[in-house]
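Here's the structure we're looking at; comments come further down.
Reminder, nothing fancy here: chain letters follow the sequence lines and each chain counts from 1.
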Amino acid sequence: MGLMCAHRLNHEQIYSLVRAIPKGCVATYGQIAALAGFPRHARQVGYALAALNDDSVPWHRVINSQGVISERARPGAVEWQRLLLEDEGVVFDHRGRVPLKKYQWQTD
DNA sequence: ACTTTGACGGAAA
DNA sequence: ATTTCCGCCAAAG
């Protein structure tokens, strides 16, 4: 039933947290890992999202710690992600970065 | 039981 | 500011 503290970070834990990111906000890979209880596992969050095959996960709300949309193999993916974010009100700065101060999901 | 495949982040130079 | 180094590992075939 409830959530137990797992001894490893699986993809579903990551997806659950990403589903909780409010519309119009962003979270960083490292932030999701830390919220899951695995502070230095940002890369795994990227791996999980790369393997994603689930429409219910708002993967576009996850960006890197610089406020930049991370590069990936598939051409056009970065531009697509930006459009999805802009559609929900996220405004990028002139360098193509999301101001984290303004849009990062605050939890605590 | 391997081997391959990937959307990171912090520190140091 | 930019580059390099290194720790990080689940899932699918």
Nearest-Å distance once atom P is located in both dT5(B) and dC8(C) = 23 Å
key: Gln104(A) side-chain N/O to Gln31(A) backbone N/O, donor-acceptor pair under 3.5 Å   = no
request  = Classify the nucleic acid contact of Ala73(A) as base, sugar-phosphate or nothing, counting any heavy atom under 4.0 Å across all strands shown.
outcome  = sugar-phosphate
request  = Could you state the atom-to-atom distance from CG of Leu100(A) to P of dG9(B) in whole Å?
outcome  = 10 Å
query = Could you give the CG-to-C1' distance, from Asn64(A) to dA7(B), as a whole number of Å?
reply = 9 Å
task = May I ask you to verify if any side-chain N or O of Ser65(A) is less than 4.0 angstrom from the OP1 or OP2 atom of dC8(B)?
result = no
Arg72(A), CZ atom: more than 12 neighbouring heavy atoms under 6.0 Å = yes
key: Closest heavy-atom pair and its distance - Val62(A), Gln81(A)   = O-NE2, 3.0 Å
message = Listing request: all salt bridge (Lys or Arg N to Asp or Glu O under 4.0 Å) pairs with a residue in residues 22-33 of chain A, at least two apart in sequence or in separate chains.
response = none
request  = Would you give the length of the straight line joining atom CD1 of Ile63(A) to atom CZ of Arg82(A), rounded to the nearest 0.5 angstrom?
outcome  = 11.5 Å
ask   = Taking NE2 from His11(A) and P from dC8(B), how many angstroms apart are they, rounded to a whole number?
value = 13 Å
message = Any residue in residues 25-56 of chain A with a heavy atom nearer than 4.0 angstrom to DNA chain C? Just list them by number, or reply none.
response = Arg40(A), His41(A), Arg43(A), Gln44(A), Tyr47(A)
message = Taking the P atom in each of dA7(B) and dC6(C), what is the distance between them to the nearest angstrom?
response = 22 Å
key: Inter-nucleotide P distance (dC5(C), dG6(B)), Å rounded   = 23 Å
inquiry  = Could you tell me if the side chain of Ile21(A) sits less than 4.5 Å from the side chain of Ile32(A), heavy atoms only?
reply    = yes
key: Distance, rounded to the nearest Å, where His7(A) contributes NE2 and dC9(C) contributes P   = 11 Å
Residues, nucleotides or ligands: over 12 heavy atoms within 6.0 Å of Asp93(A) CG = yes
inquiry  = Classify Arg74(A) by what it touches in the nucleic acid, base, sugar-phosphate, or nothing, heavy-atom distance under 4.0 Å.
reply    = nothing
key: Atom pair distance, as rounded to whole Å: CD in Glu71(A) and P in dA7(B)   = 10 Å
